[in-house]
Amino acid sequence: MFDPIPSHVSFPQMEEEVLAFWKARDIYGESLKRREGGPKFVFFEGPPTANGMPHPGHCLTRAIKDLFPRYRTMRGDYCRRKAGWDTHGLPVEVEVCKELGIHAKEEIEAYGIEPFIQKCQQSVWRYMQEWEKLTERIGFWIRLDEAYVTYHQSYVESVWWSLKQLFDKGLLYQGHKIVWWWAQGGTALSAGEVGQGYRQVADPSVYVKFPIVATESAKALGIDSNASLLVWTTTPWTLPSNQFAAVHPTLDYAIVRDEDGSQFVLAAALVPSIHEKVKRELKIEKLIKGSQLVGVRYRPPFDYFTREIRNIDRIVFPGSIDTKVFLKRLQDEFDNDGTCSFMVEFKVLGAEFVTTDSGTGVVHIAPAFGEVDYEVFQKQEERFRHVMGGPLRVRPVLLNTVNPDGKFNEQGPDFCVGRGVKDCDKDITRNLKDRGLLFHQEQYIHEYPFCWRAEEDPLIQYPRRSWFIKTSQFKDEMLANNSHINWLPEHIKDGRFGNFLETNVDWALSRERFWGTPLPIWVCSETGQMEALDSYEQLLAKPGVEGTEVWDSAKQQNPELPDDLKVHKPYIDAVTYDSPFAKGARMQRVTEVIDCWYDSGAMPFAQWGYPHTGRDAFADQFPADFISEAIDQTRGWFYSQLAISTLLFGERGTCDEKVEYPHPFKNCIVLGLMLGEDGQKMSKSKRNYREPNEIFVKYGADALRWYFFANQPPWTSIRYKEQAIKDSIPEFLLRLWNCYSFFVTYAAIDGFDPAARIGGKLEQLSAEELASASGYRPVSERPEIDRWILSELNRTVREVVQRMDAYDNYLACQKLNAFVDALSNWYIRRCRDRFWSDEKDSPDKLDAYFTLYECLLTTTKLIAPFVPFLAETLWRNLTKPLAGKVLESVHLCDYPAGDALVVDDALSAQMALLRDIASLGRAARMDAKLKVRQPLARVEVVLSETTHQPWLEKHDALLKEELNVKEVRYATEGKEYITYQVQPNFKVLGPLVGKLLPKVKELLGKANGAELLAQLKATGQIGLAVGGEQVELTSEHVQVRLSAKPGWAAAQGAGCVVVLNTEVTPALVQEGIARDVIRAVQDRRKEMQCQYTDRIHVGVVTETAELRDAITANLTMIQEATLATKITFEALAGSEGKEVEIADFAAKLFVNVE
RNA sequence: UGGCGCGUAGCUCAGGCGGUAAGAGCGGCGUCCUUAUAAGACGCAGGUCGCGGGUUCAACUCCCGCCGCGCCGACCA
């Protein structure tokens, strides 16, 4: 038989037992084995970094990542789940630096790269155990023992392979990137670090004249020979590196005359504010569009850079020479090896980013020191490439007067050379003033980033050479690919993610760091020519390989070193080989490692070591059907995967394998951000959240999972509140548990034993299998309430499957919740006496058992993906009598499919109405202050819509019991206590009568509702004269609203009114008292912890004859309800009497167990 | 400063192709019910559906503007 249910259930303890069972029987492995050969469902694990403690946000991702694979597996799919760990990158290095108490790059180099990366490798696994524990404890089934690891050799080589594909196709190239540079520390900082260092400072704000070159076209615009562009900047130190001036093409610009006769060009909208600043008359002479200024040339404020370039005048100011001629002449000038460099001329460009919020509307562009500026420069590069019509043989030189140490170089102004840039601001300003180029100067207060470690060091934007992937060339493919992905929520597709793709720039891949996948590019020491390699083996096979001994000796010294390290810095850097490009030259690896986001984005193939190994696995497991991460991964893993996949496997991809869109994933749930108790970001220092472990110990993983799944759509930001997690226990888990407990308790009492009744072939105790049981009657032959709950069950199955197929766990949970509520609060409550009845094997009782049993079994399967622990516990015990014959775990079962034939929509509607009436009846009683215990003679029910009335009339018994009344009467005419209000059916009538609607409403409201209804009933329509028009309304055009007239104990609902007959006869009063006696005795039984089957003797000692009479009059009823074999009015020996109050009468109650 | 999202009850959040009594859960208060229930039922209080404008017979819902919050970015030339 079933195990008895403990009076108090501890979910955490129960879960531990389930975990032990899963482990002992390898249920996860078994669940996979059962689905081998089934349809594939591919899941990708976005690799977490295990070098920090897991927090509640990780619980959510891990829970949702478990839910859908579990569900699909039960639905019959074969879903491999390979774990993975992200192990490279700055976070790891920073952790190790913290541990070593160092910070700067040189310090790492001083410490030694070799010991440093060894530490990195070890640090990666520091919290591994915590992660694995969490993963297991929350019930996330994933193959941890088969996890891919991004630093493993096979993984690294797979990444190398992909990079080689890109390199060989020219998609991986070297270029410049503007980074936030800590000059004193000689390193770039990450965005996170930069964000920490913002401080408010006062910087100089200078308005500088850029004299315009008097060309013909400038004259044509009305610009004098002594005119200047008026340019604003807050970083005077960047002026020596000025290369362009930018204007907005569609803005109005003014040519103004200053009081001293000089002429300026600035944005028309800013003339007043400049006038305010200088208090001089600026007379607008002409308005032109920004686009007209494009191409105008100017003299830069400093020209020290020109020293390096010969004949600068010809280049800088080529006059009206045709561009092609100009370029030809350039080539003549510089051509030696077929390439040449030259200066891009100082001229005005059009740019959309120019605004008139501040400054002058003419923007100083120093491409070396600003990202936007640099983009302008790159566009110029593109333009020249276009002009030349071939490969880039002529390239603009990037002007940079500053060295990486933050000091001016020889190209800078004399008085600045060798000095820190920020220190020179003042002198530069003075120099401009001396040369008459300063128009105005003031202070500007703004936020500026400083080094978060050396707070006195301002950061500067600085160009560094680095490696890029030409993702921007694949923008359209990426967008097309994206359009096929099913994003949840939908708006991610064209919103955040789509926008991000639209503004795609080339992926800055390389990092001048240590612990990462080494960039697999080797450079010829002689020619600078490069080649990419795709494996260590390929490297070793190169002619004249040297340097492998560095690794060998390290390994010899420390045999513990994982072999995977040999493909890392510094070992890999030591390996060189003969150059195929120049005799006697050597090939040496570039020094950079790559962005760790590339690692994770390569995971769809790299997890298998593809293509060196795992070709079949990759072919089988690509693309993914489902992935999920939080929204912060939009530009992270979501992007890196899509970009890499599109570049490699897309239509224009570098690989032979072409995959149809979308790839690499088809469905993606983007989770919201998890917030702390206070709605703020979770923060360890604020302690505004509970540790996951605490939650597991107190409430269990199921409580947490259900809270995640059932309380909100997963993409909303979730508040991680302890109370809310706790609440999911009574709200769902415990309610279901109580239903289950009820069943088991009574099954034990009645000896309902499925093992004794069911034979034949069994597996998962589906409805079909149950049907073979002795005493099992077809659903159609069972009482209506059984048919109803089974209808609800099968409807729930259908809806849950629909929702889950659409990745909508939230609604699925709501449906499950509603079903369990119906089971608990209506089915079991209404059926209790069927389970109590003495006729053990009566068909009715067996029907009840089989019905409830099926409901519980099916529900258990339905909830299994959501709350796998509770489901397993229920399943194990509900199938215990059949152990060995049925599947030992619910997670091996098929997900219920539901039986459409059992769904009875009409019955559902009818029962809903009945429950509604019962609810209204109770409300009416409340209103009239009549306890439910007090029987009443009659209720009257008036329905506005009578379709279901005949059905309801057949179900009086239910209502009578629920409302404790002797009679239920459905009134057809309720005029005494009801008023009828006829209203337009707005939705129907609106489109028909339009503007007349308010008048129709008014007329109907004024009229006598009952009469209108009578008219409608008699003639089928209501005629109204509205605004001179005759409108005929049929029953479809109106809706009837009922309301109880005052003075009646009544309650009104949507479609009905329930009226109580409040007259209480002496017999009813006596029965009410008797019911109270029962309640008192039952209370006492519970206090005495009687068994449900214990027979008792009862003594009621009271001075009130009324009470005694009531008991005498209802003796049998009391005896039956309380299992009392004897009731007397005397004290009973052997027990203490208890003072009680029964229906306002004092009494002493004695109860003895027989 | 841009993009995206959000703003509905004390709290956490649903809902809506525009239709005229605005929903749930929790919390509070009150009443009732109980031989499954650390439960459950019923009720009460609590809402200018962020603000302003527009479209419409009808707007919480659609459109525009604004304000506030959050996230992701950018920028301070």
Side-chain angles (χ1 to χ4, degrees), chain A residues 5 7-9 191 203 231-235 238 246 353-355 357-359 362-366 369-373 444 446-448 489 491-492 494-500 502-503 631-632 634-635 672-673 675 679 681 711-713 715-719 721 723-724 727 729-731 734-735 737-746 810 814 817 824-825 828-829 832 835-836 918-920 922-927 929 931-933 962 983-991 993-1001 1041 1051 1054 1079 1081-1083 1085-1086 1090-1094 1121-1123:
Chain A
I5 310 297
S7 64
H8 177 100
V9 54
D203 269 336
V231 177
W232 177 65
T233 180
T234 57
T235 50
T238 62
F353 61 77
V354 176
T355 64
D357 298 340
S358 55
V362 185
V363 174
H364 149 61
I365 303 284
F369 304 115
E371 221 171 309
V372 173
D373 306 48
Y444 182 76
H446 65 156
E447 302 261 311
Y448 194 85
H491 61 73
I492 297 286
D494 296 319
R496 191 167 288 202
F497 196 72
N499 276 324
F500 179 57
E502 288 283 359
T503 58
I631 193 162
D632 56 352
T634 314
R635 284 141 204 256
L673 222 79
L675 305 172
K681 240 179 168 169
N711 270 37
Q712 61 276 305
W715 44 82
T716 56
S717 56
I718 296 175
R719 270 217 214 175
K721 277 183 109 165
Q723 185 59 45
D727 286 343
I729 293 178
E731 275 170 29
L734 197 57
R735 194 181 288 172
W737 182 269
N738 291 332
C739 296
Y740 152 75
S741 164
F742 176 91
F743 170 80
V744 171
T745 303
Y746 283 93
Y810 175 61
Q814 288 193 327
N817 202 23
S824 173
N825 285 328
I828 292 183
R829 202 151 68 88
R832 271 191 291 227
F835 291 95
W836 298 338
S919 171
L920 287 169
R922 282 191 297 263
R925 290 193 79 116
M926 172 78 63
D927 214 34
K929 300 204 187 326
K931 297 180 183 185
V932 177
R933 231 180 276 131
E962 193 65 22
Q983 279 200 337
N985 182 344
F986 291 96
K987 214 165 181 173
V988 178
L989 214 48
V993 303
K995 293 194 179 185
L996 293 178
L997 194 55
K999 278 194 179 148
V1000 172
K1001 181 186 177 185
R1041 195 162 278 178
R1079 177 198 57 82
V1081 175
Q1082 303 292 26
D1083 270 1
R1085 280 186 69 118
K1086 202 168 182 181
C1090 289
Q1091 294 297 302
Y1092 303 134
T1093 47
D1094 285 344
T1122 60
L1123 299 187

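Because the structure is a prediction, the values reported are computed rather than measured. In what follows, chains carry the letters A, B, and so on, assigned in the order in which the sequence lines appear, proteins first and then strands, with residues in each chain numbered from 1. Both backbone and side-chain heavy atoms feed into the values below; hydrogens, waters and symmetry mates do not.
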### Query
Separation of A:Asp494 atom CG from B:G3 atom C1', in whole Å?
13 Å
### Task
Tell me which nucleotide among B:A36, B:A14, B:G40 gets nearest to the side chain of A:Arg832.
B:A36
### Query
Starting at the 5' end of RNA chain B, which residue's closest nucleotide do you reach first, A:Gly990 or A:Val231?
A:Gly990
### Query
Given B:A41, B:C26, B:C4, which nucleotide is nearest the side-chain atoms of A:Asp727?
B:C26
### Query
Within a strict 4.5 Å, meaning less than it, do heavy atoms of the A:Leu997 and A:Leu989 side chains meet?
yes
### Task
Ignoring backbone atoms, establish whether A:Gln1082 has a side-chain N or O less than 4.0 Å from OP1 or OP2 of B:U34.
no
### Message
From C-beta outward on A:Gln712, which listed nucleotide comes closest to its side chain: B:A36, B:C13, B:A39?
### Response
B:C13
### Task
Can you tell me the distance, in whole Å, between the CD atom of A:Gln983 and the C1' atom of B:G19?
11 Å
### Task
Check whether any side-chain N or O of A:Arg496 sits under 3.5 Å from a backbone N or O of A:Ile492 as a donor-acceptor pair, and report yes or no.
no
### Query
How would you label the contact of A:Lys1001 with the nucleic acid (heavy atoms, under 4.0 Å): base, sugar-phosphate, or nothing?
base
### Task
Determine the Euclidean distance between corresponding C1' atoms of B:C11 and B:G54; express it in Å to zero decimal places.
35 Å
### Message
Rounding to an integer number of angstrom, what distance separates B:C17 and B:C63 when you compare their P atoms?
### Response
14 Å
### Task
Looking at every strand, decide which applies to A:Thr634 at a 4.0 Å heavy-atom threshold: base, sugar-phosphate, or nothing.
nothing
#### Entry: Side chain of A:Arg635 - closest among B:A41, B:G73, B:G5
B:G73
#### Entry: Given B:C26, B:U20, B:C76, the nucleotide with the shortest approach to the side chain of A:Trp232
B:C76
### Query
Which nucleotide in the set B:C26, B:G40, B:C4 lies at the smallest distance from any side-chain heavy atom of A:Asn825?
B:G40
### Message
Nearest whole Å is fine: how far is B:A21 C1' from A:Lys987 NZ?
### Response
16 Å
## Note on the structure
Mate of B:A24 across any strand shown (Watson-Crick or G-U wobble, both atom pairs under 3.5 Å) is B:U12
### Query
Given the C1' atoms of B:U31 and B:A45, what is the spacing between them in whole Å?
15 Å
#### Entry: d(CD, A:Glu502; C1', B:C4) in whole Å
14 Å
### Message
For the backbone of A:Thr1122 and the side chain of A:Arg1085, can you confirm whether one donor and one acceptor N or O come within less than 3.5 Å of each other?
### Response
yes
### Message
Say we look at B:U8 and B:G46: how far apart would their C1' atoms be, to the nearest angstrom?
### Response
13 Å
### Message
I want to check one thing: is the phosphate of B:A36, taken as OP1 and OP2, less than 4.0 Å away from some side-chain N or O of A:Tyr746?
### Response
yes
### Message
Using side-chain heavy atoms (C-beta onward) and a distance below 4.5 Å, is A:Tyr740 in contact with A:Trp737?
### Response
yes
### Summary
A:Ile5 atom CD1 is separated from B:A36 atom P, nearest whole Å, by 14 Å
### P gap between B:A22 and B:G50, integer Å
15 Å
### Message
What contact category does A:Ile828 fall into here, base, sugar-phosphate, or nothing, at under 4.0 angstrom with non-hydrogen atoms?
### Response
base
### Query
Taking CG from A:Asn738 and C1' from B:A39, how many angstroms apart are they, rounded to a whole number?
6 Å
### Message
Categorize A:Ala918 for me: base, sugar-phosphate, or nothing, with a 4.0 angstrom heavy-atom threshold over every strand shown.
### Response
nothing
### Query
Got a donor-acceptor pair under 3.5 Å from the side chain of A:Ser824 to the base of B:A39?
no
### Message
Taking the minimum atom-to-atom distance to the side chain of A:Pro730, which one of B:C71, B:A39, B:U37 wins?
### Response
B:A39
### Message
For the backbone of A:Asn817 and the side chain of A:Glu731, can you confirm whether one donor and one acceptor N or O come within less than 3.5 Å of each other?
### Response
no
### Message
If you assign each of A:Leu989 and A:Val9 to its closest nucleotide in RNA chain B, which residue comes earlier from the 5' end?
### Response
A:Leu989
### Query
Are A:Phe835 and A:Phe742 near enough that their ring centres are under 6.0 Å apart?
yes
#### Entry: Nearest-angstrom distance from the residue atom CD1 of A:Ile492 to P of B:C6
11 Å
### Summary
Of the candidates B:A14, B:G25, B:U20, the side chain of A:Tyr810 sits closest to B:A14
### Query
Between the base of B:U35 and the side chain of A:Arg829, is there a donor-acceptor distance below 3.5 Å?
no
### Message
Taking any heavy-atom pair under 4.0 Å as a contact, classify A:Pro713: base, sugar-phosphate, or nothing.
### Response
sugar-phosphate
## Note on the structure
From CD1 of A:Ile365 across to P of B:C75 the rounded distance in Å is 12 Å
### Query
Given side chains that start at C-beta, do those of A:Val362 and A:Trp232 come closer than 4.5 Å, heavy atoms only?
no
## Note on the structure
Picking from B:A36, B:G40, B:U20, the nucleotide nearest the side-chain atoms of A:Ser741 would be B:A36
### Query
Who is the Watson-Crick or G-U wobble partner of B:C42, with both distances under 3.5 Å?
B:G30
### Task
Using the C1' atom as the reference point in each nucleotide, state the distance between B:U20 and B:C57 in Å, no decimals.
12 Å
#### Entry: Watson-Crick or G-U wobble partner of B:U1, both distances under 3.5 Å
B:G73
### Query
Heavy atoms under 4.0 Å, any strand shown: does A:Arg496 hit a base, just sugar-phosphate, or nothing?
base
### Query
Does the side chain of A:Leu734 reach to within under 4.5 Å of the side chain of A:Val9, using non-hydrogen atoms?
yes
### Task
Hunt down the Watson-Crick or G-U wobble partner of B:C6, both distances under 3.5 Å, from any strand shown, or write none.
B:G68
### Task
With the side chain of A:Gln814 defined as its heavy atoms from C-beta on, choose the nearest nucleotide among B:G3, B:A14, B:G19.
B:A14
